[in-house]
Amino acid sequence: MHELAETAKALVAEGKGILAADESDGTIKKRFDSIDVESTEDNRRAYRELLFATDGAEDYISGVILFDETIRQSAADGTPFPKLLESKGVIPGIKVDKGAKPLALASDETITEGLDGLRGRLEEYRELGARFAKWRATYSIASDKPTEYCVWTNAHALARYAALCQEAGIVPIVEPEVLQDGTHTLEQSSKATGRVLQALYTELHDQRVELTGTLLKPNMVLSGYEASDRADVDEVAEATLDCFYRHVPAAVPGIVFLSGGQSDEDATAHLNAMNARGPHPWQLSFSYGRALQAPALKAWGGKPENVEAAQRAYYHRAKMNGAARTGMYAPEMEREAAAV
Ligand code: 13P
């Protein structure tokens, strides 16, 4: 357990957070479609190499979540990606769930699959270099959602995954994502997020998971993306902190937020506002996918001659989020970088 707690702490070291680069085949195709690039294995490999090889990103990035294909791929010089990351002091991680599928006998809710055979897969991933893992459950907000049925079945699966990870010597990141699409209010988001967290920590406790060797990857509490009167940065920071203070035990070393469709600068500003109100019982950090990658993906556009520009864009976002870890970010820092 000591090693798990040390790894969890290292992932939320001061000034650092996690890059989520574990897009499944379907998701990376969507991202590549947005820049008109074909999602071939080599394009995916080249794009991930660009990110992982970015000089200096390791000053702000503690770990990278990989996809099954990616953990088996190598840089152009033959170095396996997990080794390339380790050589920079970055901890390799792996997404192990098999995606959110329709929940039987429910209407429009999902259950995340992937428990069958997981013990064997975790053993192989550890041999390939993974020291932490991720499992994502999703929930929608509506007048009748999420149902207790959806909340508790997903909490049970998240805890089964977490227990198997700890047995395998891998830190489980538990990711219950309450989707923020729709017109809901900040209060509705807080209520749904609180219910999901309460069930999750009940199941983790009942299934003997040692919280010091885990990390939580949640949504922030936001007004729905389509709501007419959306909460501002300070309101989001306060509502999110209020919700997590009520529902997340202090034994959890870190909360690493997902960006979940926020703009890259919003995701940074929200994290910064929460850390500016610290110290808190847990480290508050990031495990962003889109909010770290969007500008880099656009700058790259699938062209080798754009690799450097894309790396500059990725480095910049990593640095901004590193600043948000200590509440030292300011929007003016975006413009300074653009001037370089
Ligand atoms: P986003 O930050 O793009 O939401 O991705 C994080 C993630 O890993 C979702 O599972």
Side-chain angles (χ1 to χ4, degrees), residues 11-12 16-35 47-48 51-52 60-71 91-101 110-114 130 132-140 154 157-158 161-162 171-181 189 193 196 200 215-222 224-225 236 240 254-272 274 284-298 313-314 317-318 320-322 324-325:
L11 286 166
V12 289
K16 293 189 187 181
I18 296 169
L19 166 67
D22 61 326
E23 296 84 1
S24 59
D25 289 335
T27 305
I28 196 74
K29 182 176 180 311
K30 259 196 261 169
R31 305 280 182 265
F32 279 16
D33 281 350
S34 75
I35 53 164
Y47 174 62
R48 265 71 179 248
L51 297 173
F52 306 160
Y60 313 108
I61 300 295
S62 56
V64 175
I65 315 175
L66 305 167
F67 182 57
D68 181 76
E69 174 186 88
T70 324
I71 200 171
I91 305 172
I94 182 79
K95 182 228 297 290
V96 302
D97 68 67
K98 299 259 188 191
K101 305 286 159 57
T110 61
I111 180 75
T112 299
E113 294 187 350
F132 71 102
K134 176 189 119 171
W135 177 288
R136 172 174 175 257
T138 60
Y139 315 80
S140 305
N154 275 294
L158 274 159
Y161 141 82
V171 170
I173 296 188
V174 287
E175 180 178 1
E177 177 175 6
V178 180
L179 301 167
Q180 301 297 309
D181 309 290
S189 176
T193 304
V196 161
L200 175 61
L215 292 173
L216 173 67
K217 174 164 174 168
N219 54 286
M220 294 179 194
V221 173
L222 305 175
Y225 291 126
V236 165
T240 304
I255 298 177
V256 293
F257 290 99
L258 58 91
S259 58
Q262 301 176 58
S263 76
D264 47 358
E265 293 186 22
D266 279 355
T268 308
H270 287 146
L271 179 64
N272 187 69
M274 285 188 263
L284 291 184
S285 184
F286 56 91
S287 174
Y288 293 160
R290 282 161 287 180
L292 273 168
Q293 295 184 45
L297 187 69
K298 208 163 148 218
Y314 168 55
R317 285 264 52 85
M320 295 300 100
N321 286 302
R325 284 282 285 107

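Atoms within a ligand are numbered from 1 in the order they appear, just like the ligands themselves.
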If only side-chain N and O atoms count, and only distance matters, is there a donor-acceptor pair under 3.5 Å linking Gln180 with Gln262? no
Without hydrogens or angle criteria, can the side chains of Thr193 and Asn219 be said to hold a donor-acceptor pair below 3.5 Å? yes
The ring-ring contact (aromatic ring centres under 6.0 Å, His included) partner of Tyr47 among Tyr314, Phe32, Phe52 is Phe32
Measuring from each atom of ligand 1, which residues have a heavy atom under 4.0 Å away? Ala20, Asp22, Lys134, Arg136, Glu175, Lys217, Leu258, Ser259, Gly260, Ser287, Tyr288, Gly289, Arg290
So, Arg290 versus Ser259: side-chain donor-acceptor pair below 3.5 Å or not? no
I'd like to know whether NZ of Lys298 has more than 12 heavy-atom contacts from other residues, nucleotides or ligands below 6.0 angstrom. no
Considering only NZ, NE, NH1 and NH2 on the basic side and carboxylate oxygens on the acidic side, decide whether Glu113 and Lys98 come within less than 4.0 Å. no
